[in-house]
Amino acid sequence: MDEQRNETPYRYGATLANELEERWQRAWDDAGAYRTLNPGEPGFQADRPKFYCLDMFPYPSGAGLHVGHPLGYIATDIVCRARRMQGFNVLHPMGWDAFGLPAEQYAVQTGVHPAVTTRKAIETYRRQLKRFGFCYDWSREFATIDPEYYRWTQWIWLQCYGAWYDADAQRARPIAELEAELEAGRRQPEGPSWASLDAVGRQAYLDRHRLAYLGEQTVNWCPKLGTVLANEEVIDGKSERGGYPVLRMPLRQWMFRITAYAERLLSDLDLVDWPDSTRTMQAEWIGRSEGAEIDFDVPGFGMLRVFTTRPDTLFGATYMVVAPEHPLVDAAIKAGGEHASTVREYAALSANRSDVDRQADSKQKSGVDTGLRAVNPATGEAIPVWTADYVLMGYGTGAIMAVPAHDERDFAFARAFGLPVRQVVQIDGVVFDGNAATSGHGAACNSSGPNCSIDGLDTTKAKAAVIEWLMKTGRGARRVNFKLRDWLFSRQRYWGEPFPIVYDETGRHHPVSERALPVLLPELADYKPIESDVPMPPLGKATDWVNTTAGEAGVDSSVLAPSTPVRRETNTMPGWAGSCWYYLRYCDPANKSRMLSNESERYWLQSQRSNGTMHAGGVDLYIGGAEHAVLHLLYARFWHKVLFDLGHVGTPEPFGRLFHQGMLTAYAYQRQDGSLVAVDQVEERGGTHHERGGGPVTQVIAKMSKSLRNVINPDDVIAEYGADTFRLYEMSMGPLEASKPWNTRDIAGVHRFLQRVWRLALDERTGGLLVARQADPAVERLLHRTVHKVTGDIDRLAFNTAIASMIEFVNAATRPQDMKDPADGGLTHAQLERFVRVLAPFAPHAAEELWSKLGGSGLVVHAPWPIADPAMLVDDEVEIAVQLMGKVRARIMVPTKADATQIESIALGHPDVLVHLAGKSPRKVIVVPGRMVNLVL
RNA sequence: GCCGGUGUGGCGGAACUGGCAGACGCGACGGAUUCAAAAUCCGUUUCCCCUUAAAGGAGUGCAGGUUCGAUUCCUGUCACCGGCACCA
């Protein structure tokens with residue numbers, strides 16, 4: 001065996017691959033091969049088109065990279081390499097999302113400071129990523145925990161703090177402009193007049209209108225994590241991370257007015273080239289619904305305002321329901337009466353019930369009568385007002401008019417409590433029998449009253465008629481509602497960006513001046529979250545840091561005198577903050593005076609379409625997991641739009657084209673009873689799988705997990721096959737977007753492909769070039785086809801078929817084993833040079849080695865991309881199928897240019913066709929030139 | 001429950017606008033090479049029937065439909081995956 005190996009020291013195997021890969025990685029580093037220049041830098045080529053291609057940056061965990069991470073990174077690497085060879089200026093950066101809960105949890109568990117564990121995890125990730133040979137411009141690398149980065153995260157937050165949303169102009173504007181307009185009387189405040197407000201009242205008014213504002217809200221408090229969580233971080237009443245119970249409690253927290261952007265976040269989804277599924281998910285998350293607000297008179301208690309999407313069913317509203325947190329509930333309790341105590345009990349019970357409990361019995365409705373009566377404006381009837389937790393305080397007005405005949409939830413409630421049901425819509429072909437609600441479009445019925453009549457009108461017209469009547473009588477108006485809630489942005493955790501804000505002794509907040517940024521996260525030995533029923537941020541333990549003066553904290557002296565004692569904000573920003581704008585910083589990562597320069601923003605983010613119109617978003621290709629379809633991608637869009645409104649960026653959207661790579665799964669094995677068996681306990685015998693010392697098991701697909709021992713470490717795979725093989729394997733598994741199972745056995749296939757490429761070009765014994773004397777015409781044609789196919793497949797991100805076509809080519813070009821003189825077969829020098837260049841994006845190290853052996857100029861990385869000759873893509877003759885009644889009965893060779901009649905006559909003359917026709921003549925002949933012929937009898 | 005996606009050989013998958021189903025890879029089988037093996041190369045490999053071969057039949061989750069022709073379009077249905085889930 002050793003003897004044999006010595007005979008072929010230049011065979012492409014693990015040792016050779018690892019040696020040459022590491023050698024070329026050093027060479028690329030030394031040459032600065034992937035350094036991207038910015039406009040204005042010496043050597044920048046302004047005439048080239050730009051391509052900004054971004055990976056969702058990883059959150060470095062202690063466990064290191066797993067094989068799922070590189071999937072998307074390999075894909076972007078291939079596209080970037082191809083674009084670079086095609087003459088683009090390519091921006092392809094990488095960095096680290098490093099603040100946030102998991103790092104802190106890990107630190108708490110291990111007792112090592114998160115700054116230490118995070119830096120270490122980053123080192124590991126960087127080392128692992130570099131071993132893949134990715135073409136990142138590492139000079140642009142940063143982590144969200146770098147003070148020079150989070151300085152600008154804080155700066156953006158201050159921009160939001162200093163802005164308000166002008167609903168008339170439909171954009172954010174500096175809050176100073178709102179103040180000036182109120183001051184000048186050009187704008188009237190909601191509520192009391194500006195003149196009647198004192199300084200505190202005016203400040204409070206402005207504070208209420210900021211995009212980043214302090215809001216008292218019912219929040220999701222997770223005692224175990226010691227922090228509040230955003231709604232979307234709570235799943236089934238448990239924390240998304242860790243699965244700990246979450247309580248609801250009122251708390252004053254920093255919020256983002258993302259709801260102001262609901263309409264734009266929804267409609268601008270039309271501008272981006274994103275997967276439909278993701279756009280749909282965002283649209284559903286935003287949850288726009290059109291309807292009306294209607295005021296019901298509750299005698300003695302004022303007006304009760306409800307939101308409904310079905311104002312046409314007003315005549316069918318037989319009772320009202322308000323959320324247990326609704327102010328009317330308090331009013332009813334205060335008013336006393338026979339219902340007061342049961343109402344108080346119910347409200348208290350609901351307040352303590354977690355979302356889990358509420359959802360667990362969502363079919364079993366609960367609620368109590370408040371004893372109040374409301375007047376249905378259409379019928380004039382007095383109807384009862386109930387409170388029930390199936391009505392949510394956070395949506396609409398926290399109150400509904402219940403129409404049990406046409407709403408399943410209302411029907412279930414009415415059923416449970418014996419409330420009346422009245423049909424007011426007749427749906428075509430559906431009989432209303434009083435045993436179930438009928439929802440949908442129909443014609444109004446039983447809907448005539450002294451004030452308003454809509455009987456017979458279809459739902460659309462009936463809605464319009466009711467709204468018109470409501471507006472005329474001042475009882476309501478058209479209204480659009482969104483499910484989207486404002487974004488809770490405070491966390492009671494240590495490992496996050498501090499807010500650049502302080503409180504004076506009266507509790508009023510004041511911003512830290514931009515010049516004083518960043519507000520550094522203080523070193524803290526004890527950063528553990530405080531597990532308690534009341535939120536207590538760990539930063540509160542840094543008493544010297546917290547209690548300071550306005551001057552020390554960096555508050556502008558025009559805002560507060562420098563000696564004023566202040567208390568710093570002890571909450572920190574959530575993990576999402578850093579990832580909301582990192583794609584901007586990559587354009588100009590070293591900028592000391594700006595978040596990024598105007599020139600770099602304009603060059604990298606503003607793209608023109610070929611027709612001259614502006615592209616919606618800056619990043620030309622953004623690849624990452626579908627698990628970020630809503631949160632990260634919605635938050636980043638929101639920040640981007642604020643920055644757009646305030647003139648800091650020039651595109652309405654951050655990510656023009658988005659793509660999700662699929663998930664890598666693994667095989668697992670299942671016993672008869674359905675339980676899973678670890679992979680190393682299973683052996684294959686005669687094509688079936690058996691548990692060691694047990695019965696037969698079936699192969700199933702599962703997530704990779706430690707317990708199943710089917711987790712693959714990419715380092716091991718690279719050690720065994722090299723990075724190029726790893727890259728080819730992950731790209732050949734199937735479509736990038738599909739989730740697919742890892743199968744170590746299959747890696748050999750692409751490894752063998754690289755070995756064949758190697759043997760095609762080099763003598764395995766000497767390492768010398770093997771070059772054909774002359775080009776085989778068929779191989780030359782196939783090479784053009786391969787170049788064409790690979791070029792198109794890279795544009796489509798269809799790397800699996802690109803690789804398949806390269807394999808086909810190499811198989812066709814491979815010399816027969818019995819060929820004595822290698823110059824009789826294989827590829828010519830010029831053919832090898834072209835093939836190596838199309839291979840280069842996929843297997844860059846092997847391609848670079850071959851390129852240098854071929855004596856190509858410079859690095860293959862910078863070589864121009866080969867172009868297929870269109871004339872070589874068509875053959876003189878094509879084989880087409882002849883079908884009789886849809887079944888293939890013969891194959892004929894016809895000239896490519898042959899027209900339908902020529903093909904028909906060739907087909908009808910074919911002996912096999914004549915046999916099947918058996919003397920009959922076809923009734924009809926369909927000819928698709930270049931494809932097939934179908935004869936119909 | 002609602003929304004979206006996916007179902008193709010033993011396995012991963014291919015098939016661009018309705019036009020030769022199964023490219024390419026794995027595995028399996030056979031052969032060459034070898035003292036032997038590994039590696040490599042060549043060949044076969046959807047299933048069924050018959051088999052020396054030829055020829056035939058069925059076939060893209062299932063049941064229908066449109067069409068000269070359907071993996072592709074339409075209707076219904078089942079399974080799996082993902083998301084949402086009292087949003088009035």
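Scanning both residues, A:R422 and A:A405, for their nearest heavy atoms gives O-CB, 3.2 Å.
For B:A21 and B:A15, the C1' atoms lie 7 Å apart once the distance is rounded to whole Å. Between B:U72 and B:C81, the two P atoms lie 24 Å apart (nearest whole Å). Atom name P, nucleotides B:G76 and B:A88: the rounded distance is 26 Å, in whole Å. Across B:C2 and B:G18, the matching P atoms stand 30 Å from one another, rounded to whole Å. Atom name C1', nucleotides B:G30 and B:G19: the rounded distance is 36 Å, in whole Å. Taking atom P on both B:C86 and B:G12, the two are 37 Å apart, rounded to the nearest angstrom. B:G59 and B:U52 have their C1' atoms separated by 27 Å, given to the nearest Å. A gap of 25 Å separates the P atoms of B:G43 and B:C48, to the nearest Å.
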I'd like a table of atom pairs between the protein and nucleotides 55-59 of chain B - only N or O on both sides, under 3.5 Å - with the distance next to each one.
residue, atom, partner, partner atom, Å
B:G56, OP1, A:R889, NH1, 3.4

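No engagement by A:S732 is indicated, since no non-hydrogen atom pair under 4.0 Å with the nucleic acid exists. Residue A:I926 is classed as a base contact, given a heavy-atom separation below 4.0 Å to a base. At the heavy-atom level, A:R756 lies under 4.0 Å from the strands shown only through sugar-phosphate atoms. A:R923 comes within contact range of no nucleotide atom at all, as no heavy-atom separation falls under 4.0 Å. Among the atoms of the strands shown, none is found under 4.0 Å from any heavy atom of A:E408. Residue A:T814 is out of contact with every strand shown, counting any heavy-atom pair closer than 4.0 Å. Across all strands shown, A:N800 has heavy atoms under 4.0 Å from sugar-phosphate atoms exclusively, and none from any base.
Under the rule for a side chain to side chain donor-acceptor pair (under 3.5 Å), the partners of A:R279 that lie at least two apart in sequence or sit in another chain are A:D276. Applying the ring-ring contact (aromatic ring centres under 6.0 Å, His included) criterion to A:F809, with sequence neighbours excluded, gives A:F835. For the ring-ring contact (aromatic ring centres under 6.0 Å, His included) test, residues two or more places apart in sequence or in another chain that qualify with A:W742 are A:F726, A:Y729. A:F413 is linked by a ring-ring contact (aromatic ring centres under 6.0 Å, His included) to A:Y319, A:W386, A:Y390, A:F417, counting only residues two or more places apart in sequence or in another chain. Partners of A:Y721 according to the ring-ring contact (aromatic ring centres under 6.0 Å, His included) rule, which considers only residues two or more places apart in sequence or in another chain, are A:H751. Annotation: side chain to side chain donor-acceptor pair (under 3.5 Å) contacts of A:S289 (sequence neighbours excluded): A:Y395.
When the nearest nucleotides of RNA chain B are assigned to A:A804 and A:M733 by heavy-atom distance, the more 5′-ward of the two goes with A:M733. For the pair A:P816 and A:A738, nearest-nucleotide mapping onto RNA chain B gives the more 5' position to A:A738.
Atom CG in A:L770 sits 9.5 Å away from atom CD in A:E764 (nearest 0.5 Å).
Side-chain proximity of A:R752 to the nucleotides B:C86, B:U40, B:G13 is greatest for B:U40. If you check B:G69, B:A21, B:G13 against the side chain of A:N934, the one that comes closest is B:G69. Of the candidate nucleotides B:G83, B:C68, B:G13, B:C68 has the atom nearest to the side chain of A:K924.
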Side chain to side chain contact (heavy atoms under 4.5 Å, CB included) between A:R765 and A:Y10, worked out = CA-CA 6 Å; A:R765 290 159 304 173; A:Y10 295 93; over 6 Å; no
Which donor-acceptor pairs under 3.5 Å do the side chains of residues 924-937 of chain A make with protein atoms, sequence neighbours left out?
residue, atom, partner, partner atom, Å
A:N934, OD1, A:G886, N, 3.1

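A side chain to side chain donor-acceptor pair (under 3.5 Å) check over residues 794-805 of chain A, counting only residues at least two apart or in different chains, returns the pairs A:R83-A:D795, A:D793-A:R796, A:D793-A:T801. Each salt bridge (charged side-chain N to carboxylate O under 4.0 Å, His left out) pair with one or both residues in residues 391-408 of chain A, not counting sequence neighbours, appears once here: A:D407-A:R409.
The side chain of A:Q883 contributes no N or O atom lying less than 4.0 Å from OP1 or OP2 of B:G19. A sub-4.0 Å separation between OP1 or OP2 of B:C41 and a side-chain N or O of A:N811 is absent. The shortest distance between the side-chain N/O atoms of A:K740 and the OP1/OP2 oxygens of B:G12 is not below 4.0 Å. Residue A:R759 places at least one side-chain N or O under 4.0 Å from the OP1 or OP2 atom of B:C41.
As rounded to whole Å, 17 Å separates atom C1' of B:C86 from atom CH2 of A:W386.
Enclosure of atom CZ in A:R478 is not indicated, since only 12 or fewer non-hydrogen atoms of other residues, nucleotides or ligands lie within 6.0 angstrom. At most 12 non-hydrogen atoms from other residues, nucleotides or ligands lie less than 6.0 angstrom from NE2 of A:H788.
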Per-residue pairing states of RNA chain B in dot-bracket (Watson-Crick or G-U under 3.5 Å; . unpaired, | other strand) read (((((((..(((......[....)))((((((.......))))))(((.......)))..(((((..]....))))))))))))....
Once each nucleotide of nucleotides 2-11 of chain B is scored for protein heavy atoms under 4.0 Å, what B/S/- sequence comes out, 5' to 3'?
-> -SS------S
